[in-house]
Amino acid sequence: SAKDMKHRLGFLLQKSDSCDYSSSQGKKEKISSSQRLSQEEVRKWADSLENLIHHDRGLAAFRAFLKSEYSEENIEFWVSCEEYKKTKSPAKLSPKARKIYDEFISVQATKEVNLDSCTREKTSHNMLEPTLSCFDEAQRKIFTLMEKDSYRRFLKSPYYLDLVSPPGAGCGPENCKRNHTHSLDCNSNIISQCA
């Protein structure tokens, strides 16, 4: 149900923040200031898919949404490509490229992404001599696919709307038994809940 998804997303986002209050005071201050999620930041996610997936919490929310639609392989592939491009050692390029190819692109891939045959063929050819840019075209295609399809649905979903609504919106006395205090700080539930 939608309520269960809210709870799971709230838990996921809190878990990814993991505010550890047993650590030193300096670390606590650093965590709380860096992990506040402002309404302004959340609204920027609606400007572009790039804004969304380049923000840790935005990426987590989008990933949770895609998981609910059984299409998380797209964002996993995109993230894997981003990490792959940061590879410093030329000796590591080939094994990392092979892992990504086997997981997302090959015919028997466990998390096969939806690529046209031309892009798949070109990416297969790139595997002969992997470079940092060997997945660029495939990554671009998957980004465009997400941008035109799942990103638009995400913006209309509770995964986004519950984060962007102002505190208390849609949670009037007729809809709720009790009104919770809404906060976007890391020590509170991120998703507004109507219980």
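Here the structure is a predicted model, which is why all the values come from computation and not from measurement.
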Verdict with supporting geometry, T123 and E137, side chain to side chain contact (heavy atoms under 4.5 Å, CB included) | CA-CA 8 Å; T123 307; E137 188 175 336; 5.6 Å; no
Under a 4.5 Å cut-off applied to non-hydrogen side-chain atoms, are Y159 and R153 in contact?
-> no
Considering all heavy atoms of both residues, which atom of A46 and which atom of L155 are nearest to each other, and what is their separation?
-> CA-CD2, 3.8 Å
Any side-chain heavy-atom pair from L115 and I142 closer than 4.5 angstrom?
-> yes
Does any N or O in the side chain of E41 come within less than 3.5 Å of the main-chain N or O of S38, such that one atom is a donor and the other an acceptor?
-> yes
Does some side-chain heavy atom of I105 sit less than 4.5 Å from a side-chain heavy atom of E112?
-> no
Can you pull the ring pair (Phe, Tyr, Trp, His ring centres under 6.0 Å) pairs that have at least one residue in residues 100-126, sequence neighbours excluded?
-> F77-F104
How many angstroms lie between SG in C118 and NZ in K141, if you round to the nearest 0.5 Å?
-> 7.0 Å
Kindly determine whether R63 and K67 satisfy side chain to side chain contact (heavy atoms under 4.5 Å, CB included), including the steps that lead there.
-> CA-CA 6 Å; R63 191 184 297 238; K67 206 168 207 146; 5.8 Å; no
With E72, which residues qualify under side-chain hydrogen bond (donor to acceptor under 3.5 Å, both in side chains), at least two apart?
-> none
Decide yes or no for K44 and D47: does some side-chain heavy atom of the first lie under 4.5 Å from some side-chain heavy atom of the second?
-> yes
Taking NZ, NE, NH1 and NH2 as the nitrogens, is one of them in E147 or R140 under 4.0 Å from a carboxylate oxygen of the other?
-> no
How far apart are the C-alpha atoms of M146 and L66, what are their side-chain angles, what is the distance that settles it, and do they pass the side chain to side chain contact (heavy atoms under 4.5 Å, CB included) test?
-> CA-CA 10 Å; M146 291 189 296; L66 290 177; 4.2 Å; yes
Nearest heavy-atom neighbours spanning E50 and F143 = CG-CZ, 3.6 Å
So how far is it from E121 CD to N126 CG, rounded to the nearest 0.5 Å?
-> 10.5 Å
D116 side chain to T119 side chain, donor-acceptor N/O pair below 3.5 angstrom = yes
Yes or no on side chain to side chain contact (heavy atoms under 4.5 Å, CB included) for L59 and L52, after CA distance, side-chain angles and deciding distance?
-> CA-CA 6 Å; L59 180 61; L52 174 67; over 6 Å; no
From L49 atom CG to H54 atom NE2, the distance as rounded to the nearest 0.5 Å = 9.0 Å
Is the count of non-hydrogen atoms from other residues, nucleotides or ligands lying under 6.0 Å from E69 atom CD greater than 12?
-> yes
Please name all residues satisfying salt bridge (charged side-chain N to carboxylate O under 4.0 Å, His left out) with E73, sequence neighbours left out, ordered by chain then number.
-> none
Find out whether K156 and R152 are in side-chain contact, i.e. whether some heavy atom of one side chain is under 4.5 Å from a heavy atom of the other.
-> no
Residues forming a salt bridge (charged side-chain N to carboxylate O under 4.0 Å, His left out) with E82, sequence neighbours excluded = K85
Only pairs under 3.5 Å count here: list side-chain donor-acceptor contacts from residues 86-94, not counting sequence neighbours, and write none if there are none.
{"residue": "T87", "atom": "OG1", "partner": "Y84", "partner atom": "O", "Å": "2.6"}
{"residue": "T87", "atom": "OG1", "partner": "K96", "partner atom": "NZ", "Å": "3.4"}
{"residue": "S89", "atom": "OG", "partner": "A91", "partner atom": "N", "Å": "3.3"}

Give, for atom NZ of K122 and atom CG of D136, the distance between the pair rounded to the nearest 0.5 Å.
-> 9.0 Å
Distance in Å, S157 OG paired with D162 CG, rounded so as to fall on 0.5 Å steps = 8.5 Å
Any residue meeting side-chain hydrogen bond (donor to acceptor under 3.5 Å, both in side chains) with S150, in chain and number order, not counting sequence neighbours = none
Atom CZ of R120 and atom OG of S117: how far apart are they, to the nearest 0.5 Å?
-> 8.5 Å
State, yes or no, whether a side-chain contact exists between F62 and I75 at a heavy-atom distance under 4.5 Å.
-> yes
According to the interplanar angle, ranging from 0 to 90°, do the rings of F65 and F154 count as parallel (below 30°), tilted (30 to 60°) or perpendicular (above 60°)?
-> perpendicular
